[in-house]
Number of protein chains: 2
Amino acid sequence: MIKKKYNISVEATLEVIGGKWKCVILCHLTHGKKRTSELKKLMPGITQKMLTQQLRELEADGIINRIIYNQVPPKVEYELSEYGTSLESILNSLCNWGEQHIIKEYGDKFAVLEDSILNK
Amino acid sequence: MIKKKYNISVEATLEVIGGKWKCVILCHLTHGKKRTSELKKLMPGITQKMLTQQLRELEADGIINRIIYNQVPPKVEYELSEYGTSLESILNSLCNWGEQHIIKEYGDKFAVLEDSILNK
DNA sequence: TAATATAGGTACTTTAAAGTACCTATAACA
DNA sequence: TGTTATAGGTACTTTAAAGTACCTATATTA
């Protein structure tokens with residue numbers, strides 16, 4: 001374990017949930033455990049490689065659990081770990097803020113949020 | 001104004017506060033307004049260019065105010081705007097989570113947080 | 001007169017993040 | 001037999017983020 005120096009504690013948070021995809025993945029997982037293929041459908045823009053890569057990193061940081069079912073074709077599910085749930089309120093706040101921001105910028109959210117996620 | 005499509009609202013949040021520096025800058029500004037040179041001291045790793053660039057973007061998104069004093073040498077201060085304060089609780093949570101995470105990973109925060117920020 | 005402090009601009013380069021393409025395994029089923 | 005579904009690995013390439021180096025202005029002070 002290499003001891004890094006941080007100038008402010010938020011840097012440690014960003015190491016864990018920073019980047020383009022991790023918050024998105026985690027927000028989806030706040031709504032319950034998901035299979036890899038479900039996550040892919042929820043995130044049309046992500047590639048297989050990036051999805052697995054981000055999931056591996058989140059797993060390594062203890063944020064999510066990987067549940068492997070021994071069957072063919074393979075089935076794997078991901079869920080927030082107990083530690084991961086300590087991020088839940090932050091993730092919800094980030095989502096809510098985004099929604100309000102969209103409303104502020106565009107008037108209503110229906111104009112810019114994909115139908116797929118509004119019909120939930 | 002180009003209408004973007006988001007697959008999840010948190011993407012809108014990340015557009016505003018994502019990246020390596022914005023959360024750090026904003027966390028510092030939650031403790032009150034700061035001059036450019038103060039921010040540079042608080043963030044030894046950031047370059048002049050990145051700092052100004054990030055500040056410009058945050059200003060463009062309405063998150064911070066830029067206060068210009070007409071004097072030489074120049075004096076400019078940055079503060080959270082009224083809209084920016086809607087992020088305050090998120091920023092505090094992100095800092096607190098990071099601190100807890102550091103403690104979890106390293107046992108105590110003194111080992112990895114720079115002295116400069118602990119002696120506050 | 002020349003140095004200092006402050007804030008910032010700009011062209012260019014480097015690095016890290018992300019993406020593309022192609023590969024694996026295997027049971028079930030048509 | 002060969003196609004499908006699922007999850008994932010890997011080498012390589014592209015792109016965007018970040019960094020480097022060097023430039024500006026001007027009142028004040030030594």
Side-chain angles (χ1 to χ4, degrees), chain A residues 2 4-8 10-26 28-29 33-61 64-79, chain B residues 2 4-8 10-26 28-29 33-61 64-79:
Chain A
I2 298 149
K4 237 208 83 156
K5 281 280 180 184
Y6 300 100
N7 288 290
I8 188 170
V10 72
E11 289 174 8
T13 310
L14 295 175
E15 261 185 10
V16 177
I17 62 164
K20 186 173 176 181
W21 296 112
K22 285 179 181 171
C23 276
V24 176
I25 292 171
L26 292 174
H28 286 304
L29 292 185
K33 66 173 184 288
K34 296 274 178 293
R35 296 188 63 171
T36 314
S37 51
E38 291 180 284
L39 286 171
K40 261 194 274 187
K41 258 165 236 154
L42 291 165
M43 297 182 278
I46 201 171
T47 59
Q48 167 74 255
K49 183 205 150 196
M50 285 309 293
L51 179 56
T52 333
Q53 186 178 306
Q54 303 302 304
L55 288 168
R56 290 290 170 284
E57 293 178 14
L58 289 169
E59 197 193 354
D61 283 322
I64 61 173
N65 296 323
R66 183 159 178 258
I67 308 157
I68 305 156
Y69 297 83
N70 237 328
Q71 61 188 55
V72 171
K75 178 177 176 182
V76 175
E77 287 183 325
Y78 295 92
E79 64 178 7
Chain B
I2 297 150
K4 237 208 83 159
K5 281 279 180 182
Y6 301 99
N7 288 290
I8 189 170
V10 73
E11 289 175 7
T13 311
L14 295 175
E15 262 185 9
V16 176
I17 63 166
K20 187 173 176 180
W21 296 112
K22 285 180 180 170
C23 276
V24 176
I25 293 171
L26 292 175
H28 286 305
L29 293 184
K33 64 174 184 287
K34 297 272 176 295
R35 295 188 63 172
T36 314
S37 50
E38 290 180 285
L39 286 171
K40 261 194 274 190
K41 259 166 235 153
L42 291 165
M43 297 183 278
I46 202 170
T47 59
Q48 167 74 255
K49 183 206 149 194
M50 285 309 293
L51 179 57
T52 334
Q53 184 178 306
Q54 304 301 304
L55 289 167
R56 289 290 172 283
E57 292 178 13
L58 288 168
E59 196 193 356
D61 283 321
I64 62 173
N65 296 324
R66 183 158 178 258
I67 307 157
I68 306 157
Y69 297 83
N70 239 330
Q71 61 186 57
V72 169
K75 178 177 176 182
V76 175
E77 286 182 325
Y78 294 93
E79 63 179 7

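Throughout, protein chains are lettered first and strands after them, A, B, ... in sequence-line order, and every chain is numbered starting at 1. Remember, it's a predicted structure, so these values are computed and weren't measured experimentally.
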Mark yes or no: A:K34 above the aromatic ring of A:Y78, with NZ or CZ under 6.0 Å from the six-membered ring centre and no more than 45 degrees from the axis.
no
Separation of [N] [atom2] from [X] [atom1] (nearest whole Å):
{"X": "A:I67", "N": "D:dA7", "atom1": "CD1", "atom2": "C1'", "answer": "15 Å"}
{"X": "B:E38", "N": "C:dA5", "atom1": "CD", "atom2": "C1'", "answer": "15 Å"}
{"X": "B:K22", "N": "D:dA16", "atom1": "NZ", "atom2": "P", "answer": "15 Å"}
{"X": "B:I68", "N": "C:dT6", "atom1": "CD1", "atom2": "P", "answer": "17 Å"}
{"X": "B:K75", "N": "D:dT28", "atom1": "NZ", "atom2": "C1'", "answer": "16 Å"}
{"X": "A:K34", "N": "D:dA7", "atom1": "NZ", "atom2": "C1'", "answer": "18 Å"}
{"X": "B:E77", "N": "C:dA7", "atom1": "CD", "atom2": "C1'", "answer": "13 Å"}

Is any side-chain heavy atom of A:N65 closer than 4.5 Å to one of A:E59?
no
Donor-acceptor pair, A:E11 side chain versus A:N7 backbone, under 3.5 Å?
yes
With B for base contact, S for sugar-phosphate-only contact and - for none (protein heavy atoms under 4.0 Å), nucleotides 17-30 of chain C reads -BBB-----BS---
[X] versus [Y], closest heavy-atom pair with distance:
{"X": "A:I64", "Y": "A:L55", "result": "CD1-O, 3.4 Å"}
{"X": "B:L14", "Y": "A:C23", "result": "CD1-CB, 4.1 Å"}
{"X": "A:I68", "Y": "A:R66", "result": "CD1-NH1, 3.7 Å"}

Side-chain N or O of [X] less than 4.0 angstrom from OP1 or OP2 on [N]?
{"X": "B:T36", "N": "C:dG8", "result": "yes"}
{"X": "B:R66", "N": "C:dG8", "result": "yes"}
{"X": "A:R35", "N": "D:dT6", "result": "no"}

Which residue pairs pass the salt bridge (Lys or Arg N to Asp or Glu O under 4.0 Å) test with at least one member in residues 37-58 of chain A, sequence neighbours excluded?
A:K22-A:E57
What nucleic acid atoms does B:Y78 come within less than 4.0 Å of, heavy atoms only: base, sugar-phosphate, or nothing?
sugar-phosphate
